[in-house]
Structures are given as structure tokens and as C-alpha cells.
Number of protein chains: 2
Amino acid sequence: MVRSEETKPQFKTGKARGRPRSFDRTTALEQAVLAFWEHGYEATSVSDLTRVMGIGAPSLYAAFGDKQALFAEVVAEYGTRYGSFTGRALAEEPTARAAVARILREAAAEYTAPGRPHGCLVIHAATNCTTPEVEESLRERRNANLVAFERRIEADIAAGELPADLDAAAFARHAGAVVQGMSQQARDGASRQELEAVAEIAMNIWPRT
Amino acid sequence: MVRSEETKPQFKTGKARGRPRSFDRTTALEQAVLAFWEHGYEATSVSDLTRVMGIGAPSLYAAFGDKQALFAEVVAEYGTRYGSFTGRALAEEPTARAAVARILREAAAEYTAPGRPHGCLVIHAATNCTTPEVEESLRERRNANLVAFERRIEADIAAGELPADLDAAAFARHAGAVVQGMSQQARDGASRQELEAVAEIAMNIWPRT
DNA sequence: TCTTTTCTGTAACGACCGCTAGGGAAATGC
DNA sequence: GCATTTCCCTAGCGGTCGTTACAGAAAAGA
């Protein structure tokens, strides 16, 4: 029996036959984002999810596939809604240094924002995970971020904005390490001001221009 | 019925009455260290533990109490066997700067040492943990490390070794963030050389003397 | 109205979780 | 030899995990 499989909110594809679903898929997804963000993939059970999403298990499975597919959608939603500040900084700031400075500054605020879980979902939600593909998917996202940092730094070197002998990969790794450490400390209770101080100190590694 | 409760290897307290245990408690504990270190508290099941320790579940419970007590003993064993390099550096190096430099350099090696799990058990093994006391116990250890960094920096300020207006708490937090970020990246596949480059870059924040 | 389609709620599946009762087995002291 | 103490193994406890069968309810099309 073929199932409709993960019916995203059908816009005007026909006329929506049969009984319509009684919950808003987007707001349910947002609640799942918060739950996975706070407790991680494994520690968030399906019954936790059905409770915070306000739906029954069969509705969850009909709308999102299974727990792993829901998590993948959660990660994508998190990326566009909460995790896009790094990409924006890399694209909008005139130099790699300015981009990293903005990323660290904004991370201090994002990772301690009131009313939502602290730290970064991509960094924490799939650590110590018994499902290897889930752990690997977030690891790939983290490493992709390092590559994005590195590419931006390389562009500045090519443009003469940074010294030719600067180790782009190492500087990118350093920026990533500071971001990841700040996220960990946000989870451990650090305040926005404390993380901003860390960000400011960390920026002193960049060569004087 | 009162149980003997966690009989540590009885030295010469009497003559060891009854049937002696058939496994070596220390080597079994070491296997538990490696298992918890690699997969974390929740993701390491009791049956995982009994397998790698080579004993049955009742033997495990008789010798170590329960899973949580075993984990506490594992954390202590990890601290003395693998995690003591930070305390040594803080105690032995002549300045805070030298201590942090040594900590970062040694962390690059420790967190990527072949033949054992990468990264730091204290940083990773209790993230996304459904047992709040376990998560909290490692969080306290991490925050205690930050305080130790801060105290060492304050001592250098008091001795005139560092500027009087230097923000000891922020510098301590920065060092901790770099260490935690390096540990995360070690788990994500970074090599010792890559982490040593990060460590070297991170040391450039310290004021010129 | 009646059929068709799709969603919802109940209730349960098999698997694994941390943990332990209970009966022998192996050492001691006498 | 015997009784005592302690350990190990088998087997299973109650509970939760992710997932789904099934039947009834609610919409559309005829």
C-alpha cells in the first residue's frame, strides 16, 4: 500500500480530498524544533514530540514520515530560521575578518537568546547518538561550515586583504572552535555578555592591517 | 538487607572471605571508561558495558552499584588517568600564559591520541542526557575548570605578570572555549596537527610582554 | 444520500532499557 | 568433612522505546 508520504502543506494542488488534518503542520514542526534543540535527537522521545506538538503518534508519522525524517526537517527548519546568521555574515560583510567578528558577536546573542534553548542545535543535538546517520549528518554540517569559513578567508587572501602566507584552514578552524566553545558555554550557563567578551578577545588573533 | 556496596579492591582488610571475584575490577573499570568516553552516558547501555567489561550484569551491579555510580567512578578514573594534564600545567608552569599554551598544545595531542576515543569525556559524555544529575555533574566539572583558569590568571595579575586591567574571567572563558571547540573538532575528525595550528593561533590573544 | 478519501484516537506490537530474584558454584573458616 | 560467605549465571521483572493495525470520524465528490 503506497502512502502519500510526508505531504507537505498542499497549496492548490487539486482540492485537498478527504478529511483535512486538524493541526498546523508548520507550528507543529516549530515545536519539534524546540524539543530537539533542547534535548537532542535521542533524548527526545516520540511521546515527548507528540505531547509538545499536540498531536497523536499516527498523525506525526503520517505528516513527517518517522522520527529520523522529522529530525531532518527540523534541522532544515532550524538552519533557515535560527542558523542563517553565519551565512549572512559571510555573504554580506566586506572582509573575512569582519564576517567572523560579526559571527562571533551574533553567536553570543543567538546562543543565549531568552525564550528558546541555548547554544546551537547543529553542534549539540546529535552528539552521543546511537543512530550513526543522524550523528554524521550534523557532523557534515559542522565541517561544511568550516569549509565556508576557509573559502571566505582564501578569497580575502587572493584579494590581498589578508597576508599571502596566512593559514586559511587553521584560521577557519580557529573561528569554528571558538563558535563551538561559545555554544557549549551557553549551554553551561554563560551569559550573553560573558560570551561577547570571549568573542572580542578571540578577534585579537587577526593580523594588524 | 544491607549490601557490601561497591567493594573497592580490598587490600589487607582481613582475609577476603567467601568466593573471590573472577575478574579484575580495575581493568573492567578501564573498559567502562573507554565505552562511556566513546558513546556517552545514555548511549552506552548496561549490556554494552557487560560485553566490553567481560562480566555479567549482576557482577557489574555487585561491584559498582548501578550504572550511575559506575559512571561517577569512570569520570574519576578518567580525570586521574587522562584529564590531569590541565591541572598539571596550571600547577607547574611559571605563568598563566605558559600554562594555557601548554594546555592547548597538549589538548591537541590528547584529544587525537590513537587507540582511544577522541575528544574529552568530561565535555561530551553527558550532553543530551535524560538523567539531570549526570549532566549536571559534568557541567560542574567544566565550570570548575574555568574557575581554575581564572584563579591562575588572577594570580599572574596580582604578581604583576599580566596587566591589572586584564579581564581574568573572560580570558579564562576564552581558553575554555578554545579547549572545548578543539575537543568537538577532534570528535569531528580533526588531526593533531590541525588542532595544534588552532592552539598556536589562539595564543596570539595574550598581551605582549 | 452515499461512496470515497484521508485523518484521528485507541491500543498494542516486538525490542530494548536498567535492574534484580534465585539457585547453584567456588572460595573461606572450622 | 562441614557450614558460611560471596560470586556468577540464567532468567525475567516492569517500563519505555519507535512504530503501526485497526476502527471510527470528518471532509469532498457523486
Side-chain angles (χ1 to χ4, degrees), chain A residues 1-10 12-25 28 32 35-36 39-72 74 128-134, chain B residues 1-10 12-25 28 32 35-36 39-72 74 128-134:
Chain A
M1 183 170 303
V2 181
R3 138 142 12 151
S4 67
E5 268 307 328
E6 193 170 323
T7 317
K8 303 258 179 111
Q10 59 245 21
K12 42 192 62 175
T13 70
K15 324 232 172 189
R17 321 225 324 170
R19 177 177 175 178
R21 78 163 52 95
S22 64
F23 61 94
D24 182 52
R25 195 180 187 280
F36 277 129
H39 300 110
Y41 178 75
E42 303 264 348
T44 305
S45 70
V46 172
S47 67
D48 290 336
L49 291 166
T50 57
R51 193 180 58 252
V52 301
M53 298 167 85
I55 62 179
S59 299
L60 187 155
Y61 279 82
F64 298 99
D66 62 0
K67 187 187 179 185
Q68 196 169 329
L70 170 59
F71 183 72
V74 158
N128 301 137
C129 193
T130 55
T131 315
E133 310 124 26
V134 173
Chain B
M1 183 171 304
V2 181
R3 139 143 9 154
S4 67
E5 267 306 328
E6 192 170 321
T7 318
K8 303 258 178 110
Q10 59 246 20
K12 42 192 63 174
T13 70
K15 325 235 172 189
R17 321 222 326 170
R19 176 178 175 179
R21 77 163 54 95
S22 64
F23 59 94
D24 181 52
R25 195 180 186 280
F36 277 129
H39 300 110
Y41 178 74
E42 303 263 348
T44 306
S45 70
V46 172
S47 67
D48 290 336
L49 290 166
T50 56
R51 193 180 57 251
V52 301
M53 297 167 85
I55 62 178
S59 299
L60 187 155
Y61 280 84
F64 297 99
D66 62 0
K67 188 187 178 185
Q68 196 168 329
L70 170 59
F71 183 71
V74 158
N128 302 138
C129 193
T130 55
T131 314
E133 310 123 25
V134 173

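Below, chains carry the letters A, B, ... as their sequence lines are ordered, and counting in each starts from 1. Atoms considered below: every heavy atom in the structure, side chains included; atoms not considered: hydrogens, waters and symmetry mates.
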Within this structure, what is the CZ-to-P distance between Phe64(A) and dC7(C), rounded to whole angstrom? 12 Å
Starting at NE2 of His39(B), measure out to OG1 of Thr130(A) and round the result to the nearest 0.5 Å. 9.5 Å
Residue pairs, two or more places apart or on separate chains, that pass salt bridge (Lys or Arg N to Asp or Glu O under 4.0 Å) and touch residues 52-61 of chain A: none
With a 4.0 Å limit, can you tell me whether Ser22(B) has a side-chain N or O closer than that to the phosphate oxygens OP1/OP2 of dC7(D)? no
Has Ser45(B) got a side-chain atom pairing as donor or acceptor with Asp48(B)'s backbone, closer than 3.5 angstrom? yes
Nearest to the side chain of Arg17(B) - dC19(C), dT5(D), dT20(D)? dT5(D)
Under 4.0 Å from any atom of DNA chain C, heavy atoms only: list the residues of residues 40-59 of chain A that qualify, in numerical order. Pro58(A), Ser59(A)
Rounding to 0.5 Å, atoms CD (Gln68(B)) and OH (Tyr41(B)) come to a distance of 4.5 Å
Report the distance from atom CZ of Phe71(A) to atom C1' of dC17(D), rounded to the nearest whole Å. 17 Å
Nearest heavy atom decides the nucleotide; on that basis, is Gln68(B) or Arg19(B) closer to the 5' end of DNA chain C? Gln68(B)
The side-chain contact (heavy atoms from CB on, under 4.5 Å) partners of Thr50(A) (sequence neighbours excluded) come to Val46(A), Ser47(A), Ala57(A), Leu60(A)
Leu60(B) CG to dC8(D) C1': how many Å, rounded? 13 Å
Between dC8(D), dG18(C), dC7(C), which one does the side chain of Tyr61(B) approach most closely? dG18(C)
Taking atom C1' of dT20(D) as reference, at what distance in whole Å does atom NZ of Lys67(A) sit? 17 Å
Phe36(A) vs Phe71(A) aromatic rings, parallel, tilted or perpendicular, using cut-offs 30° and 60°? perpendicular
Whole Å only: how far is the CZ atom of Arg21(B) from the P atom of dC9(D)? 13 Å
Starting at atom CZ of Phe23(A), determine the distance to atom P of dT6(C), rounded to an integer number of angstrom. 16 Å
